[in-house]
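The structure under discussion appears below in the form of structure tokens.
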Amino acid sequence: MNKTYNRKRMYDYCCQKMICHKEILSRIIQEFVDEAKEMTLEEISKHIYDIKMSSLEEYIHLKGNCKDKQQDICCYFGLKERIEINIYLNLDYIENVQINKRNKHKVYHLYFITRSLEYNDGTVLKDRNYKLNINKVRIYISNRYQVKKEYKQHNEILTLVHIILNYRMKAKYKIRLIKKYIDNKEINRGLEIMCNLSQAIEIDIKERTAKKVTREVIRKNNIRAIYNVMKNINVSLEIAIDILDIPKSERIYLEEYFKK
């Protein structure tokens with residue numbers, strides 16, 4: 001795996017860790033879990049337990065090799081009854097057979113879907129199956145945060161998730177925006193780490209683009225030079241390549257190009 005891929009996975013993993021923080025998790029539960037709507041954030045936070053997420057190594061392995069869309073975060077919440085909450089991040093919505101089985105306790109599946117051409121940013125769709133004791137909530141959200149944008153519903157939590165998922169936003173700006181809702185040192189440190197990763201990803205992409213452009217320019221110059229040598233000296237392709245002392249690594253490409 002290349003370093004850009006690993007950094008992207010690490011950034012996604014940091015998003016997952018950020019969502020796991022009780023300050024944010026309690027807000028998600030208050031917004032989308034019916035049993036928590038009349039509770040305060042403090043009350044909700046006290047009744048969240050067994051928060052589970054993969055280690056970084058497991059996360060990279062699962063994202064690279066597992067075809068099934070496993071939840072990124074699992075936790076339990078409840079006062080009298082046990083409620084299981086599964087959160088899925090950065091996924092196109094794909095139905096999973098495993099989540100359609102009958103459950104002894106109530107289950108919520110919350111999907112934050114960041115790539116959709118079908119639904120507008122901010123759309124929230126709910127589906128309840130009383131027979132299977134399952135609630136599915138699909139939250140369609142862009143990872144490009146717009147400061148002036150206000151959602152008719154769920155504005156606070158959608159804005160928070162926007163800020164967390166947006167990889168182009170600088171750390172100071174992210175922290176300033178998120179402080180309107182949450183002022184937590186641990187969250188601020190996490191945002192700084194995420195922004196450092198996103199900057200490294202952008203640098204990697206720019207370097208790779210620059211190398212690709214340079215390689216293409218060199219190849220065009222080589223093709224032009226080979227053509228001129230073959231035409232003016234009347235020699236074969238192989239001899240022209242030898243005369244110009246073109247590296248072996250480029251010879252296969254050039255031979256294929258001139259065959260066409």
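- Side-chain contact between Ile24 and Ile19 is present, with at least one heavy-atom pair separated by less than 4.5 Å.
- In the displayed structure, Tyr253 atom OH is contacted under 6.0 Å by more than 12 heavy atoms of other residues, nucleotides or ligands.
- Sorted by first then second residue, the side chain to side chain donor-acceptor pair (under 3.5 Å) pairs that include residues 223-241, not counting sequence neighbours, are Asn221-Arg224.
- Among residues two or more places apart in sequence or in another chain, the side chain to side chain contact (heavy atoms under 4.5 Å, CB included) test is passed with Thr123 by Tyr119, Asn120, Leu125, Tyr140.
- Annotation: side chain of Ile223 is in contact with side chain of Phe258 (closest heavy-atom distance under 4.5 Å).
- For the pair His47 and Glu43, the tightest heavy-atom approach, listed with the atom from each and the gap, is ND1-O, 2.8 Å.
- Considering only residues two or more places apart in sequence or on other chains, Arg128 meets the side chain to side chain contact (heavy atoms under 4.5 Å, CB included) condition with Asp34, Tyr108, Tyr130, Asn135.
- The backbone N or O of Ala210 lies less than 3.5 Å from a partner atom in the side chain of Thr214, making a donor-acceptor pair.
- In this structure, the side chain of Lys106 does not engage the main chain of Glu84 through any donor-acceptor pair within 3.5 Å.
- Shortest non-hydrogen contact noted between Ser26 and Ser45 is CB-N, 4.2 Å.
- The hydrophobic cluster analysis finds Ile252 isolated: no Ile, Leu, Val, Met, Phe, Trp or Tyr side chain comes under 4.5 Å of it, directly or through other members.
- Other residues, nucleotides and ligands place no more than 12 heavy atoms under 6.0 Å from the CD atom of Glu38.
- Between Tyr181 and Glu23, every side-chain heavy-atom pair lies at or beyond the 4.5 Å cut-off.
- Panel note: side chain Lys136, backbone Asp127; no donor-acceptor pair is recorded below 3.5 Å.
- Looking at residues two or more places apart in sequence or on another chain, you find a side-chain hydrogen bond (donor to acceptor under 3.5 Å, both in side chains) between Glu156 and Arg27.
- Applying the side-chain hydrogen bond (donor to acceptor under 3.5 Å, both in side chains) rule to Asn184 yields no partners; only residues at least two apart in sequence or on another chain are considered.
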Side-chain polar contacts of residues 239-249 - donor-acceptor pairs under 3.5 angstrom, sequence neighbours left out - could you list them?
residue, atom, partner, partner atom, Å
Asp242, OD1, Arg251, NH1, 2.9
Asp242, OD1, Arg251, NH2, 3.0

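- The list of ring pair (Phe, Tyr, Trp, His ring centres under 6.0 Å) pairs with a residue in residues 14-33, not counting sequence neighbours, reads Phe32-His154.
- Atom CD1 of Ile163 sits about 4.5 Å away from atom CG of Leu177, to the nearest 0.5 Å.
- Contact between Leu25 and Cys20 at its shortest, heavy atoms only, is CD2-O, 3.9 Å.
- Residues passing the side-chain hydrogen bond (donor to acceptor under 3.5 Å, both in side chains) test with Lys174, sequence neighbours excluded: Tyr11.
- Met39 and Ile83 end up in the same hydrophobic cluster when Ile, Leu, Val, Met, Phe, Trp and Tyr side chains are linked at under 4.5 Å.
- Applying the side-chain hydrogen bond (donor to acceptor under 3.5 Å, both in side chains) test to Glu250 and every residue at least two apart in sequence or in another chain returns Arg219.
- Shown here are the side chain to side chain contact (heavy atoms under 4.5 Å, CB included) partners of Arg176, two or more places apart in sequence or in another chain: Tyr173.
- Within the model, atoms CD1 of Ile178 and CG of Leu191 stand 5.0 Å from one another, a figure rounded to the nearest 0.5 Å.
- Qualifying side chain to side chain contact (heavy atoms under 4.5 Å, CB included) partners for Lys179, counting only residues two or more places apart in sequence or in other chains: Ile175, Asp183, Asn188.
- The hydrophobic cluster containing Ile51 also contains Phe77, counting ILVMFWY residues as joined when their side-chain heavy atoms lie under 4.5 angstrom apart, directly or transitively.
- No side-chain heavy atom of Asn133 sits less than 4.5 Å from a side-chain heavy atom of Val107.
- Heavy-atom neighbours of Lys37 NZ from other residues, nucleotides or ligands within 6.0 Å: above the threshold of 12.
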